[in-house]
**Q** 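There's a structure below that I have some questions on.
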Amino acid sequence: MLSKIIKNSLIGFSVLPMALGAIDYKFNSLESVSWDNGSAWTPNGAPGAADKAIFSDRKSNHLTSTKEITISNFKEVNDISFDGLYIGARLFIETVKEGSTINGNVYVGDTYLYNNDVWRCVGIRGRNFPLTIKGSIIFNATGASKNINGTDYTSRPIINIGGDWNSVVASSIEIGENAAIDSKTGLKAAVILDTSVSNVFQNLSLGLAIDQEKGVVIHNVVQLNYAAGQAGTRLTLGKLGGGYLGDQNISIGGINGYGTLAASIINGSTAEGDPIYAKTNLTLTNAAGVNTYYEGNLYRENSEYNDSITITMDGDGKQTMKITSASANVISSVTVKKGDFVFYSPINSGSLRMEGGSFSAINGGVTFNSASWAGGKFVFASEPIQDDTADITIDGKFVKEGGEKIVMDFSGLDAESVLDATYDLISAESFEDAEGNSLTDSDADDYFSAIINNALADFSWSDNTLQVTFVQVPEPAALSLIFGALAVGYALRRRK
């Protein structure tokens with residue numbers, strides 16, 4: 001026991017001198033320079049693993065409109081802060097081959113961009129190398145405007161992580177493994193993009209990660225605006241220009257709040273000249289107990305790219321996504337592997353694939369081109385099941401794989417209030433099994449089962465629409481008569 005206490009004390013003590021010895025370094029150069037050039041910082045010396053690098057106003061010194069500044073050979077630091085910074089051209093921080101690490105947080109405060117051009121924003125570029133931010137990316141701007149050389153500038157809290165051009169992207173990006181708990185939500189927040197203080201547009205854009213297996217990993221929750229009606233905030237899930245490199249694979253431990261999700265991945269072409277349209281493959285990995293709600297837009301930032309987004313639920317928690325507006329055809333598929341996924345989109349959302357977990361539609365229902373089921377359940381509550389239209393509309397085929405029944409969960413519905421009523425659940429061009437045989441030629445109860453309280457569910461077909469009728473649970477006396485009749489029938493068959 002004593003050795004354990006000593007060991008733990010030593011671990012805690014060994015970190016203490018590092019924390020006490022941390023230094024705040026202010027960047028002061030107006031030229032491109034290596035990170036470890038001591039003369040580029042105040043005090044003299046380069047910030048290291050325990051220190052904070054600050055990019056701020058630097059009094060009257062600003063980057064000119066004609067000069068691009070690149071800080072190369074960035075290896076490791078504790079925190080990075082951008083606050084009060086004016087960028088006349090571009091400011092880039094570039095990683096190293098062995099990978100670059102920010103042990104703490106990235107703070108994005110008020111930044112001011114020449115001509116208010118948002119593309120001039122700060123960039124931490126990957127240069128085909130891995131980039132790790134162990135803490136969080138926190139937007140903490142005040143939104144204050146600023147007069148620079150006689151011109152008024154609006155705060156533009158915008159940053160690109162990983163690089164947004166095909167020659168300078170990261171191999172992989174990892175964010176938020178050690179993220180702290182957000183006191184407003186009780187959730188670990190790897191990104192905080194709320195605009196309630198700044199009241200100006202904010203944007204975090206994530207460059208494409210060329211390592212398709214690792215991709216971009218955000219370990220915990222991305223928090224957008226805490227409330228609806230605030231100034232716009234945007235998370236760009238994937239951004240790439242300059243030439244096609246492939247798809248963006250990004251996983252996030254839940255998306256919470258109000259704002260905009262977007263993608264902007266340039267398209268490519270085959271050797272024959274046929275177009276290749278890139279995809280941003282978003283996987284939601286909410287941990288058990290992490291219940292997040294997103295409401296807002298889903299956009300393609302550059303309409304010429306014609307890229308799209310796939311959405312996969314593959315966590316043990318719950319994610320609700322209520323898309324209020326979207327670019328045409330921006331969603332190419334929705335897949336549920338595990339966890340609970342609640343969804344609405346005003347546009348056709350491509351294909352629906354069920355492999356596990358649960359799926360439920362809200363706000364009047366959803367539409368897909370096709371659907372396939374190999375596992376999991378569909379969840380129906382009072383809204384929108386009592387609307388006049390089906391909860392789920394499939395313009396093409398609904399294909400059921402495997403021999404198990406598809407579970408339809410009505411446990412959240414007050415079934416007693418809708419007894420003897422019939423509702424549309426799923427409509428499709430056709431319902432088929434994996435061999436192409438029609439399901440509507442047989443009783444619907446052969447393929448669907450129900451989870452329900454205080455009622456029974458009777459499934460039926462109406463043309464190519466699956467319906468349910470809720471019927472009363474028989475009283476005990478009626479059940480006795482039924483069981484008695486069954487027993488008599490069985491005895492008569494035995495005698496024959």
**Q** Run the side-chain contact (heavy atoms from CB on, under 4.5 Å) test on Val342 and Ser360 for me, step by step, so that the C-alpha distance in whole Å, both residues' side-chain angles and the decisive distance to 0.1 Å come before the verdict.
**A** CA-CA 5 Å; Val342 182; Ser360 56; 3.3 Å; yes
**Q** Can I get a per-line list of side-chain donor-acceptor pairs under 3.5 Å for residues 370-381, giving both atom names and the distance, sequence neighbours left out?
**A**
| from | atom 1 | to | atom 2 | distance (Å) |
| --- | --- | --- | --- | --- |
| Ser372 | OG | Arg353 | NH1 | 3.1 |
| Trp373 | NE1 | Gly375 | O | 3.1 |
| Trp373 | NE1 | Gly376 | O | 3.0 |
| Lys377 | NZ | Asp409 | OD2 | 2.9 |

**Q** For Asp395, enumerate each residue passing the side chain to side chain donor-acceptor pair (under 3.5 Å) test, keeping only those at least two apart in sequence or located in another chain.
**A**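 Testing Asp395 for side chain to side chain donor-acceptor pair (under 3.5 Å), a comparison that skips the adjacent residues, returns Asn348.
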**Q** Nearest 0.5 Å please: distance from the CG atom of Asp314 over to the CG atom of Asn286.
**A**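 Asp314 atom CG to Asn286 atom CG measures 10.5 Å (nearest 0.5 Å).
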**Q** Would you say the side chain of Lys75 lies within less than 4.5 Å of the side chain of Asp36, judging by non-hydrogen atoms?
**A**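 Yes. Closest side-chain heavy atoms under 4.5 Å.
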**Q** Quick one: closest heavy-atom pair of Ile69 and Ser32, and the distance?
**A**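 It is CA-OG, 3.7 Å.
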**Q** Flag the pair Tyr107 / Ile138 as yes when at least one side-chain heavy-atom distance between them is below 4.5 Å, and no otherwise.
**A**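 Of all side-chain heavy-atom pairs linking Ile138 with Tyr107, at least one is under 4.5 Å.
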**Q** Hey, mind stepping through Ile158 and Thr111 against side-chain contact (heavy atoms from CB on, under 4.5 Å) and telling me if it holds?
**A** CA-CA 8 Å; Ile158 302 171; Thr111 56; 5.5 Å; no
**Q** Side chains of Leu113 and Tyr153, heavy atoms from C-beta outward: is any pair under 4.5 Å?
**A**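 No; the side chains remain at least 4.5 Å from each other.
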**Q** Any chance you could lay out the side-chain contact (heavy atoms from CB on, under 4.5 Å) test for Ile252 and Thr285, step after step, and finish with the verdict?
**A** CA-CA 6 Å; Ile252 302 177; Thr285 57; 5.8 Å; no
**Q** For residues Asn149 and Tyr86, is any side-chain donor paired with an opposing acceptor at under 3.5 Å?
**A**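 Side-chain D/A pair, Asn149 to Tyr86: absent.
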**Q** Are the side chains of Val108 and Leu204 in touch, meaning some heavy atoms are under 4.5 Å apart?
**A**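 No; the side chains remain at least 4.5 Å from each other.
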**Q** Flag the pair Ile124 / Ile133 as yes when at least one side-chain heavy-atom distance between them is below 4.5 Å, and no otherwise.
**A**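 Answer no - side chains too far apart.
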**Q** Would you say the side chain of Leu240 lies within less than 4.5 Å of the side chain of Asn166, judging by non-hydrogen atoms?
**A**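 Yes; the side chains approach each other to less than 4.5 Å.
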**Q** On a heavy-atom basis, which atom in Gly150 and which in Asn147 lie closest, and how many Å separate them?
**A**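 Reported closest heavy-atom pair: N-OD1, 3.1 Å.
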**Q** Got a donor-acceptor contact below 3.5 angstrom from the Gln202 side chain to the Leu193 backbone?
**A**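 Yes, the answer is positive, given that a donor and an acceptor are paired below the 3.5 Å cut-off.
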**Q** Within the 4.5 Å heavy-atom criterion, are Thr393 and Ser427 side-chain neighbours or not?
**A**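 Of all side-chain heavy-atom pairs linking Ser427 with Thr393, at least one is under 4.5 Å.
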**Q** Find the distance between CG (Asn140) and CG (Asn105) and round it off to the nearest 0.5 Å.
**A**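 Interatomic distance, Asn140 CG to Asn105 CG, rounded to 0.5 Å: 10.0 Å.
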**Q** Main chain of Lys279, side chain of Asp247: is a donor-acceptor contact present, judged purely on distance under 3.5 Å?
**A**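 Yes, because the side chain of Asp247 sits within donor-acceptor range (under 3.5 Å) of the backbone of Lys279.
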**Q** Would you give the length of the straight line joining atom CG of Asp194 to atom NZ of Lys184, rounded to the nearest 0.5 angstrom?
**A**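 Separation between the atoms: 5.5 Å.
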**Q** Would a distance-only check, ignoring hydrogens and angles, find a side-chain to backbone donor-acceptor pair under 3.5 Å from Asp110 to Gly143?
**A**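 Side chain of Asp110 to backbone of Gly143: a pair is present.
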**Q** Is a side-chain N or O of Arg300 found less than 3.5 angstrom from the main chain of Asp307, in a donor-acceptor match?
**A**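 Pair found, side chain donor or acceptor close to backbone of Asp307.
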**Q** Which atoms form the tightest heavy-atom contact between Trp119 and Arg90, and what is the distance?
**A**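 For Trp119 versus Arg90, the nearest heavy atoms are O-CZ, 2.9 Å.
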**Q** When rounded to the nearest 0.5 angstrom, what distance separates NZ in Lys338 from OG1 in Thr312?
**A**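 Spacing of NZ (Lys338) from OG1 (Thr312) equals 12.5 Å.
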**Q** Check Pro346 against Ile323 and note the closest heavy-atom contact, atom names and distance.
**A**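 It is CD-O, 3.1 Å.
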**Q** Kindly say whether Gly163 contributes a backbone atom to a donor-acceptor pair with the side chain of Asn160 at under 3.5 angstrom?
**A**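 Checked: pair present.
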**Q** Is it true that atom CD of Glu98 has more than 12 heavy atoms of other residues, nucleotides or ligands lying nearer than 6.0 Å?
**A**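 Buried by this count: over 12 neighbours within 6.0 Å.
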**Q** Salt bridge check, Glu94 against Arg125: does any charged N sit closer than 4.0 Å to a carboxylate O?
**A**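 Judged by the 4.0 Å cut-off on N to carboxylate O distance, Arg125 and Glu94 do form a salt bridge.
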**Q** Using the side-chain contact (heavy atoms from CB on, under 4.5 Å) criterion, which residues pair with Val197? Sequence neighbours excluded.
**A**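 Partners of Val197 by the side-chain contact (heavy atoms from CB on, under 4.5 Å) criterion come out as none, since no residue qualifies.
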**Q** Table please: side-chain donor-acceptor pairs of residues 216-223 below 3.5 Å, with sequence neighbours left out.
**A**
| from | atom 1 | to | atom 2 | distance (Å) |
| --- | --- | --- | --- | --- |
| His219 | NE2 | Glu174 | OE2 | 2.6 |
| Asn220 | ND2 | Gly176 | O | 2.8 |
| Gln223 | OE1 | Asn256 | ND2 | 2.9 |

**Q** Is the CG atom of Asp117 crowded by more than 12 outside heavy atoms at less than 6.0 Å?
**A**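 Atom CG in Asp117 is crowded, with more than 12 foreign heavy atoms closer than 6.0 Å.
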**Q** Could you check whether Ser34 and Asn73, counting side-chain N and O atoms only, form a donor-acceptor pair closer than 3.5 Å?
**A**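 Short answer, yes.
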**Q** Go through the steps for Tyr226 and Thr185 under the test side chain to side chain donor-acceptor pair (under 3.5 Å), then give the verdict.
**A** CA-CA 9 Å; Tyr226 293 108; Thr185 64; over 6 Å; no
**Q** Evaluate the side-chain contact (heavy atoms from CB on, under 4.5 Å) criterion for residues Ile93 and Phe55: first the C-alpha distance (whole Å), next the side-chain angles of each, then the deciding distance (0.1 Å), finally the verdict.
**A** CA-CA 11 Å; Ile93 300 173; Phe55 297 82; 3.8 Å; yes
**Q** Using a 3.5 Å distance criterion without hydrogens, assess whether the side chain of Arg156 forms a donor-acceptor pair with backbone atoms of Cys121.
**A**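 Checked: no pair found.
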**Q** Any donor-acceptor pair under 3.5 Å linking the side chain of Gln212 with the backbone of Asn249?
**A**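 Judged by distance alone, no pair lies under 3.5 Å.
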**Q** Would you check if there is a donor-acceptor pair between the side chains of Glu76 and Asn103 at a distance under 3.5 Å?
**A**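 Present: a donor and an acceptor within the cut-off.
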**Q** What heavy-atom pair brings Ala189 and Ser136 nearest, and what distance separates the two atoms?
**A**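 That would be O-OG, 2.7 Å.
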**Q** State the CG-NZ distance between Asn178 and Lys188, to the nearest 0.5 angstrom.
**A**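 Spacing of CG (Asn178) from NZ (Lys188) equals 8.0 Å.
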**Q** Within the structure provided, determine whether Lys239 and Gln248 are in side-chain contact (heavy-atom separation under 4.5 Å).
**A**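 Not in contact.
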**Q** Donor-acceptor pair, Ser308 side chain versus Val330 backbone, under 3.5 Å?
**A**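 Looks like no, no N/O pair under 3.5 Å.
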**Q** Could you verify whether a donor N or O on one side chain and an acceptor N or O on the other, from Asn203 and Thr236, lie under 3.5 Å apart?
**A**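 Per modelled atom types, Asn203 and Thr236 side chains form a pair under 3.5 Å.
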**Q** Run the ring pair (Phe, Tyr, Trp, His ring centres under 6.0 Å) test against Phe343 and tell me which residues pass, sequence neighbours left out.
**A**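 By the ring pair (Phe, Tyr, Trp, His ring centres under 6.0 Å) rule, Phe343 matches Phe341.
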**Q** Quick one: does Thr95's side chain have a donor or acceptor within less than 3.5 Å of a partner on Gly126's backbone?
**A**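 Yes, the answer is positive, given that a donor and an acceptor are paired below the 3.5 Å cut-off.
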**Q** Do side-chain atoms of Thr132 reach the backbone of Lys134 as a donor and acceptor pair under 3.5 angstrom?
**A**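 No, Thr132 side chain to Lys134 backbone: no donor-acceptor pair under 3.5 Å.
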**Q** Has Lys214 got more than 12 heavy atoms of other residues, nucleotides or ligands less than 6.0 Å from its NZ?
**A**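 Not more than 12 within 6.0 Å, no.
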**Q** Identify the two heavy atoms, one from Ala141 and one from Gly109, that lie closest to each other, and give their separation to 0.1 Å.
**A**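 So the two residues come closest at CB-C, 3.5 Å.
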**Q** Only pairs under 3.5 Å count here: list side-chain donor-acceptor contacts from residues 37-53, not counting sequence neighbours, and write none if there are none.
**A**
| from | atom 1 | to | atom 2 | distance (Å) |
| --- | --- | --- | --- | --- |
| Asn37 | OD1 | Ser39 | N | 3.0 |
| Asn37 | OD1 | Ser39 | OG | 2.6 |
| Trp41 | NE1 | Trp35 | O | 2.9 |
| Thr42 | OG1 | Asn28 | ND2 | 2.6 |
| Asp51 | OD1 | Ile23 | N | 2.8 |
| Asp51 | OD2 | Gly48 | N | 2.8 |

**Q** Establish, from distance only, whether the side-chain atoms of Tyr244 and Ser269 form a donor-acceptor pair under 3.5 Å.
**A**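 Side-chain D/A pair, Tyr244 to Ser269: absent.
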**Q** Pairing donors with acceptors under 3.5 angstrom, does anything connect the side chains of Asn302 and Ser264?
**A**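 Result is no, nothing qualifies.
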**Q** First locate atom CG of Leu284, then atom CD1 of Ile255, and finally report the distance between them rounded to the nearest 0.5 Å.
**A**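 The distance works out to 5.0 Å.
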